[in-house]
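Atoms considered below: every heavy atom in the structure, side chains included; atoms not considered: hydrogens, waters and symmetry mates.
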Amino acid sequence: MTVRLIPYLVMDGNAAEAMSFYQKALDAQLLFSQTFGEMPDNPEFPLPPEAKNRVSHATLKIGESEVMFSDTFPGQPHQIGTQVTICLTVGDKELATRYFNALQDGGNVNMPLQETFFSPAYGIVVDKFGVTFQVFAEGKPH
C-alpha cells in the first residue's frame, strides 16, 4: 500500500513564477507541469482566455521530496495563508474513498470524491481542524 503526503501550494496566478524561484533557490527539478489551456476541453466549463496560461498542476522535486503547485481558476477566492494544502496520494480508489470518508467526518467537502480525467478518485475535503486535503488515487480513470 502506497500512501504519501505531499505539500500542495495553491497560488493566485503566479505559480510558474514561484516554481522558477524554487528551482533556482532550492535546486528543484521540474517533474511535471500543465496549464489549464493544456487540459482536455470540457464543454460544461468553457475556459476563459485569462485561465489558459495559469498552472493547473505541477510537481517539483526538491531533494528527496516533492511539492505540488497550481494556480486558482480565475474568480476563485484566494487568501494568503491558506494556500498550502496536503495532497494525500494513495495507490487505489478504495483507499482514497476510505480516507476521504474519514476526513470528512466533522469537516466540509469542497469537491466530492469522483473520477476525473487524471485520477480514478479525486476530491477535496477540509477536515474538522481546518486542514485541506486533496485526496488523489494514482492510476488511470476507467
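- Clustering ILVMFWY residues whenever any of their side-chain heavy atoms sit less than 4.5 angstrom apart, transitively, puts Val135 in the very cluster that holds Val3.
- Counting heavy atoms from C-beta on, the side chains of Thr85 and Phe133 never come closer than 4.5 Å.
- Judged as a ring-ring contact (aromatic ring centres under 6.0 Å, His included), and not counting sequence neighbours, the contacts of Tyr8 are His57.
- A distance of 13.0 Å separates NZ in Lys61 from CG in Leu30, rounded to the nearest 0.5 Å.
- By the side-chain hydrogen bond (donor to acceptor under 3.5 Å, both in side chains) test, Asn53 is found to be paired with no residue, residues two or more places apart in sequence or in another chain being considered.
- Phe32 is not connected to Val55 by any chain of hydrophobic side-chain contacts under 4.5 Å among Ile, Leu, Val, Met, Phe, Trp and Tyr, and they are in different clusters.
- The CG atom of Leu9 sits 4.5 Å away from atom CZ of Phe69, with the distance rounded to the nearest 0.5 Å.
- A side chain to side chain donor-acceptor pair (under 3.5 Å) check over residues 108-121, counting only residues at least two apart or in different chains, returns nothing.
- For Asp105, the CG atom sits in a loose shell: 12 or fewer heavy atoms of surrounding residues, nucleotides or ligands are nearer than 6.0 Å.
- Among residues two or more places apart in sequence or in another chain, the ring-ring contact (aromatic ring centres under 6.0 Å, His included) test is passed with Phe36 by Phe73.
- Val67 places none of its side-chain heavy atoms less than 4.5 Å from the side chain of Thr59.
- If you chain together hydrophobic residues whose side chains sit under 4.5 Å apart, Met68 and Phe117 never meet in one group.
- Follow the hydrophobic side-chain contacts under 4.5 Å out from Leu95 and you never reach Phe136; the two are in separate clusters.
- Residues satisfying the ring-ring contact (aromatic ring centres under 6.0 Å, His included) criterion with Phe118, sequence neighbours excluded, are Tyr122.
- Leu88 CG to Ile6 CD1: the interatomic distance, rounded to the nearest 0.5 Å, is 9.0 Å.
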Name the atoms and distances for all side-chain donor-acceptor pairs under 3.5 Å in residues 10-29, with sequence neighbours left out.
residue: Asp12; atom: OD1; partner: Thr72; partner atom: OG1; Å: 3.0

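- For the side chain to side chain contact (heavy atoms under 4.5 Å, CB included) test, residues two or more places apart in sequence or in another chain that qualify with Glu94 are Asp92.
- Using a 4.5 Å cut-off on side-chain heavy atoms (C-beta onward), Thr35 and Arg54 make no contact.
- Note that CG of Leu103 and CD1 of Ile86 are 9.5 Å apart. Values are rounded to the nearest 0.5 Å.
- Pairs passing the salt bridge (charged side-chain N to carboxylate O under 4.0 Å, His left out) check and including a residue from residues 32-50, sequence neighbours excluded, do not occur.
- For the pair Pro48 and Pro46, the tightest heavy-atom approach, listed with the atom from each and the gap, is CD-O, 3.4 Å.
- The two atoms that bring Ala96 and Ala121 nearest to each other are CB-CB, 4.1 Å, heavy atoms only.
- Ile62 and Leu31 are members of different hydrophobic clusters when ILVMFWY side chains are connected at heavy-atom separations under 4.5 Å.
- Screening residues 118-140 for salt bridge (charged side-chain N to carboxylate O under 4.0 Å, His left out) gives Arg4-Glu138 as the qualifying pairs, with residues at least two apart or on separate chains.
- Contact check for Val125 versus Thr132: no side-chain heavy atoms found under the 4.5 Å cut-off.
- At a threshold of 4.5 Å between non-hydrogen side-chain atoms, the residues Val109 and Ile124 do not count as touching.
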